[in-house]
Structure formats: C-alpha cells, structure tokens
Amino acid sequence: MPLVADQPGKAIFQDDFENGTDRWEMLDPMTWKLAERDGNKTIEITERSSKYKPPVRSPGHVALIKDIAASSFEITFRVRSTKDTGNHRDCCVFFNYIDDQHFYYVHLGAKPDPHSGQIMIVNEAPRKAMTTNERLTPWDDEWHDVKVSRDVDSGEIRVYFDDMQKPHMLVTDKTFNKGRIGIGSFDDLNEFDDVVVRTL
C-alpha cells in the first residue's frame, strides 16, 4: 500500500457515498450498510454486536479506506449517532493503522473515563488511553462535524468535535508513523457522510 506524501492541504481522498462503498474495507461487512434518506447516501452501522473479533480488546466496527496509507494527515467527516446508549455513546476514528494489533484510534465517548472519550493506542495489548480527557462529547440525535489531525514529525494528535478551532482532545505520541485511516465505533450505531482526507 503506497505511503501518501504530497503537498500540504491536498485532498487525497473524498467520499460522499453517492457511488457506493467500494472504496472501503469493512472488517465486518454484515454490520454496515449503504443508506439513503431524502436523496442523500451515507454509510451506517446497523448492529451493536459484530462478528469481527479483534485479537486484543479494541473497537468492533471498523471501516478502513482502501489503498491509502498516510503519515501526517487531516480527516474530516460528518457523523450522526443513531442510538442513545448513554455514557459510552460514541464514534471512532482509526489512523496509522498497520494491522489489527498496531494502531491509534480516537474514541469520542459521551462521558469520559479511562476507556471512553480518550485517544487510544492498540499495541499488541488491549486498548490503552493516552489522554486523561474529562470533557464530555455532546452527542444528541443530530449531525456533528469531526476532525482529527496527525503530525508524525511532532507526534501531535488533535481531535475536534463541532468546534474546529479548539481541540476537544490533544496528545503527543510517536509509536506509529504511518498506516491506514478509518471510521467506525466501538459497539454503537452511527451514520457517516462527507469524508475528506488531506495531507498536512
């Protein structure tokens, strides 16, 4: 898989799902579907449980962009939580994904604790929080904007939720420096649209 390195700010991937899901690899395809409402297409997680069982404890709903590996990048997308599951209502963003035991992910859980609402690392062991975030993620039934940026030179990871100027979470780590990018959830239901990945 080619490592993407290009001029800063260039869009290297865009998908609004109007042409389907062929550009994505769902690790459990049975829990994802192409949805259409009011003439607009999205992708949606349809079941809380998943037949995908990662080798160490980590999210069960993973959709990875095909044919792209990136080091420094920015991903933006719209997401809507479609089931209120309480404090751990979430969505996830995966990046620098090497394989199912080596990657980072952002867990945008409603109420933070050591396993929710944190920036996580999976490194041959169950997911571990790299942050001690205490900010709530204000989920409701509406659409929200998410942005995650990764700078491998500085090691910085920034996460934004609706407010694109002030980070919702921030951490520095240099364990992984390239890999795939994806979206999904630990075990909740979400709808996604308008995914864009740009180089930094």
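What you see is a predicted model; the values in this text were computed from it and never measured. For the numbers below, each heavy atom of this structure counts, side chains included, while hydrogens, waters and symmetry mates do not.
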Would a distance-only check, ignoring hydrogens and angles, find a side-chain to backbone donor-acceptor pair under 3.5 Å from Thr131 to Gln118? no

Heavy-atom distance under 4.5 Å between the side chains of Asp84 and Arg89, does that happen here? yes

Minimum heavy-atom separation for Gly109 to Ser116, with atom names? CA-OG, 3.4 Å

Considering only heavy atoms from C-beta outward, does the side chain of Tyr105 approach that of Val122 to under 4.5 Å? yes

For residues Trp24 and Phe13, establish whether the separation of their ring centroids is below 6.0 Å. yes

So, are Glu191 and Arg80 salt-bridged, with charged N and O less than 4.0 Å apart? yes

Thr46 side chain to Thr31 main-chain N or O, any donor-acceptor pair under 3.5 Å? yes

Using side-chain heavy atoms (C-beta onward) and a distance below 4.5 Å, is Val106 in contact with Phe94? no

Do Asn40 and Thr42 come close enough that some side-chain heavy atom pair is under 4.5 Å? yes

Tell me, do Pro54 and Val56 make a side-chain contact under 4.5 Å, heavy atoms counted? no

Checking Val159, Val148, Val79, Ile157 against Val93 for side-chain contact (heavy atoms from CB on, under 4.5 Å), the one that qualifies is Val148

Within a strict 4.5 Å, meaning less than it, do heavy atoms of the Leu200 and Val152 side chains meet? no

Side-chain (Arg150) to main-chain (Asn177) donor-acceptor, under 3.5 angstrom: no

Heavy-atom count check: over 12 atoms from other residues, nucleotides or ligands less than 6.0 Å from Arg135 CZ? yes

Between Phe176 and Tyr104, is the gap from one ring center to the other below 6.0 Å? yes

Counting C-beta onward and ignoring hydrogens, is there a side-chain heavy-atom pair between Arg198 and Val196 closer than 4.5 Å? yes

With a 4.5 Å limit on heavy-atom distance, are the side chains of Leu34 and Phe17 in contact? yes

Please check if the number of heavy atoms outside Met30 that lie under 6.0 Å from its CE is greater than 12. no

Measure from the ring center of Phe186 to the ring center of His61 and say whether it is less than 6.0 Å. no

Working for ring pair (Phe, Tyr, Trp, His ring centres under 6.0 Å), residues Phe161 and Trp139: CA-CA 10 Å; Phe161 189 90; Trp139 288 111; 5.1 Å; yes

Quick one: which residue pairs count as a ring-ring contact (aromatic ring centres under 6.0 Å, His included) with a foot in residues 34-57, not counting sequence neighbours? none

